[in-house]
Amino acid sequence: MKKKPKNLDLAMEYARSIVEGRKIACKEQIQCCQRFLDDLKNPDYEFNSKDAEFVIGIIEKTFVHDQGEKLDGSPLRGEPFLLEPWQKFIIYNLVGFYYKGTKIRRFKEAFIFIPRKNGKTRFAAALAWALGLLERRSGSKCYIVGAALEQSLQSFNFILFNLDELGERDNFRVLDNNQEHSISGNLGDGSIYIKALAANPDRQDSLNCNIAIADEIHAYKAPKQYNIIKEAMKAYTNKLMIGITTAGDDMTSFCYQRLQYCLKILNGTVKDEAYFIFIAKADQDENGDVDYTNPVEHEKANPNYGVTIRPEDIMNDALQAQNDPQQRKDFFSKSLNVYTAAMKAYFNIEEFRKSDRQYNWTIEQLARLPVEWYGGADLAKLHDLCATALYGTYGDVDIAITHAFFPIVAAHTKAEEDNIPLFGWQDDGWLTMTNSPVTDHQTVVKWFIDMRKKGFNIKQVGFDRKFGREFFLEMKRASFRIEDTPQLYHYKSEGFRHIEKKVKACKFYYLHSDAYEYCVQNVRAIEQVDDAVKYEKVLPTQRIDLFDASVFACMQMLKNLAKSGTAKKWLQGGE
């Protein structure tokens, strides 16, 4: 009689208890577990417990804790490193699924998103060791990569500690000095090599590996730090790139963009069968708010709640965050795993998203509406990102249609250096990549002409002539009514405040544009004594051009309404 896999029931029960609501979990964990149960029925895959049991067994039989205490205060050092059900569930997913009739594993990449103090770094180290042994016959090479070397050394030193505890260190070649931190060994039927690295793309062009663990990717400054490690795996079929991280506070970062991509996979709006996703976080309402003093939300966010996360400690931290707003941001990101906007950012992007979700007009539908549209353009730097916008009101809903332009010559460099998802915007239709070192004025004029051909009644376009006299003249030649509008903050404040008011009233629609959201999140505003606003980008490497163009367009609409006989009625809420 075939022996039943020891840990399979635990992994299955974990998934079922969450899907059935018997175990507290966030929306994303429920989606992850449902995906697992659905995949078990998928005829394209075969499910095999052998490798998962090997990995779990290696970790639990060869690794012990190097520090810490149990909930009762007794020391953990030297105690067996026993995996929790959620960790076994992850392992079963990563190495359990194969394409039917092959030796090719399904998952090639993973995103593990959990708060601090849930044992993530040591779990990553144990995974690196066990997966390296699993793949030894292929000449396993594993990189543990942190944003800083100190981060990856935490995992590396945990492996070294366990080699010493096993009395096996002399059987491996260990280099642990200022030049290299690596473990290598010949295992008879294969070999293993594990190296700790800092994510420095300038020094990592010749890497080659089949397993990589990118730790704390919220601290990665650019996608290249992640992608160059991923590129190092192309020589292997059964490769595995694992990103493991906590939330941060930069909602334009590579990690945040990766999180959004993974959410789309779990929601079913994007299909990526080779990507495994495990997300543990507190649930947010439609405004992005969290009931952060509720122990249910604490448990949703922390898979080790009651194990390494002490309920009374996290509740105490929550009450401190309630009484001291300065503590709140860190509590959200580190303990509840919820991304927060940078402290200097003016807008709450979730308010924009909530408003935008109320409407679903397409470009074609908008073109047929009886709306007068007003244009705006931000062309201050034609060698960089520039933007156009149309702005109109239908009933009491304001609509901003924005478009970006970027010269392809500089696109790859800027996308990497400044972490701007230019090519994603191009794929989604929010950006035109111009085949020149600078964006030609005629390309921008053509966008307005094309929108007019689609049926948009463009009454007037506002533009600061000193930022592009050629554009100004080209628009006149194309029979657009264009008005010279200086970029003075007391003029722009009116458009800024109007958009802000419409967003808070859930009467603002921007066609679900990721590019527009990116720009909104980068706005830093300084309130003036007269209630006017000066705004700029939070960081020099960020962009706000699409938002700026929408403000310009909104200004034109407001100026024309002020001149019209219906202005008073409109301002009072009439149609």
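The chain is numbered in sequence order, starting from 1.
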Test item: [X] side-chain N/O and [Y] main-chain N/O as donor-acceptor pair under 3.5 Å:
X: N294; Y: V296; answer: yes
X: S182; Y: K195; answer: no
X: S191; Y: G139; answer: no
X: R543; Y: T541; answer: yes
X: N337; Y: A247; answer: yes
X: T102; Y: I104; answer: yes
X: H218; Y: T245; answer: no
X: D215; Y: S152; answer: no
X: N177; Y: E180; answer: yes
X: Q225; Y: A199; answer: yes

Full working for side-chain hydrogen bond (donor to acceptor under 3.5 Å, both in side chains) between E273 and Y99: CA-CA 11 Å; E273 293 296 296; Y99 287 105; over 6 Å; no

Side-chain ion pair, [X] and [Y], N-O less than 4.0 Å:
X: D272; Y: K264; result: no
X: E13; Y: R22; result: yes
X: D384; Y: K537; result: no
X: K100; Y: E46; result: no
X: R137; Y: D189; result: yes

Neighbour count >12 (heavy atoms, 6.0 Å) for atom [atom1], [X]:
X: K117; atom1: NZ; answer: no
X: N178; atom1: CG; answer: no
X: E312; atom1: CD; answer: yes
X: R173; atom1: CZ; answer: no

Taking the six-membered ring for Trp and the full ring for Phe, Tyr or His, determine whether the centres of [X] and [Y] are under 6.0 Å apart.
X: Y292; Y: F332; result: yes
X: F276; Y: F111; result: no
X: Y193; Y: W129; result: no
X: W425; Y: F406; result: no
X: F547; Y: F347; result: yes

Any idea which heavy atoms bring [X] and [Y] closest together, and the distance?
X: F54; Y: A130; answer: CE2-O, 4.1 Å
X: P295; Y: T293; answer: CD-O, 3.5 Å
X: E297; Y: L336; answer: O-CD2, 4.3 Å
X: P407; Y: H383; answer: CG-O, 3.4 Å
X: S155; Y: A125; answer: O-CB, 3.4 Å
X: Y236; Y: S138; answer: CE2-O, 3.7 Å

Of all residues at least two apart in sequence or in a different chain, which pass the salt bridge (Lys or Arg N to Asp or Glu O under 4.0 Å) check with [X]?
X: E517; result: R353
X: D164; result: R169
X: K234; result: E231
X: R16; result: none

Under 30°, 30 to 60°, or over 60°: which ring-plane class applies to [X] and [Y], parallel, tilted or perpendicular?
X: Y339; Y: Y256; result: perpendicular
X: Y275; Y: Y261; result: tilted
X: F107; Y: F97; result: perpendicular

Any side-chain heavy-atom pair of [X] and [Y] under 4.5 Å:
X: I183; Y: D176; value: no
X: C519; Y: N522; value: no
X: N162; Y: T62; value: no
X: F423; Y: D428; value: no
X: L197; Y: L149; value: no

message: Between V338 and Q284, is the side-chain contact (heavy atoms from CB on, under 4.5 Å) condition met? List the steps.
response: CA-CA 8 Å; V338 172; Q284 297 165 265; 3.5 Å; yes

- prompt: Does a side chain donor of either N304 or W86 reach within less than 3.5 Å of an acceptor in the other side chain?
  reply: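 Distance-only check passes for N304 and W86.
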
- request: Please identify each residue that fulfils side chain to side chain donor-acceptor pair (under 3.5 Å) with E165, with sequence neighbours left out.
  value: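 E165 satisfies side chain to side chain donor-acceptor pair (under 3.5 Å) with no other residue.
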
task: I would like to know whether I213 and V145 meet side-chain contact (heavy atoms from CB on, under 4.5 Å); could you show each step before the answer?
output: CA-CA 6 Å; I213 296 178; V145 188; over 6 Å; no

query: Could you go step by step and tell me if E216 and R116 meet the salt bridge (charged side-chain N to carboxylate O under 4.0 Å, His left out) rule?
result: CA-CA 10 Å; E216 298 293 14; R116 290 181 64 188; 5.9 Å; no

message: Determine whether N267 and T269 satisfy the following criterion, side-chain hydrogen bond (donor to acceptor under 3.5 Å, both in side chains), listing intermediate values before the conclusion.
response: CA-CA 6 Å; N267 288 330; T269 56; 5.3 Å; no

message: Which residue is it: L259, I279, I277? I am looking for the one with a side chain to side chain contact (heavy atoms under 4.5 Å, CB included) to E28.
response: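 That would be I279.
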
query: Applying salt bridge (charged side-chain N to carboxylate O under 4.0 Å, His left out), which residue pairs with at least one partner in residues 47-67 are found, sequence neighbours left out?
result: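 The answer is D51-R105, E60-K88, D66-R122.
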
- prompt: Roughly how far, to the nearest 0.5 Å, is the CG atom of L127 from the NZ atom of K120?
  reply: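 So the gap between those two atoms works out to 13.0 Å.
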
task: For the pair Y226 and C255, evaluate side-chain contact (heavy atoms from CB on, under 4.5 Å) and give the outcome as yes or no after the intermediate values.
output: CA-CA 10 Å; Y226 180 92; C255 183; over 6 Å; no

task: Apply side-chain contact (heavy atoms from CB on, under 4.5 Å) to the pair I18 and Y14, showing each step before the final yes or no.
output: CA-CA 6 Å; I18 284 179; Y14 177 82; 3.4 Å; yes

- prompt: Is there a side-chain hydrogen bond (donor to acceptor under 3.5 Å, both in side chains) between Q542 and Y518 once you walk through the steps?
  reply: CA-CA 9 Å; Q542 297 173 340; Y518 166 89; over 6 Å; no

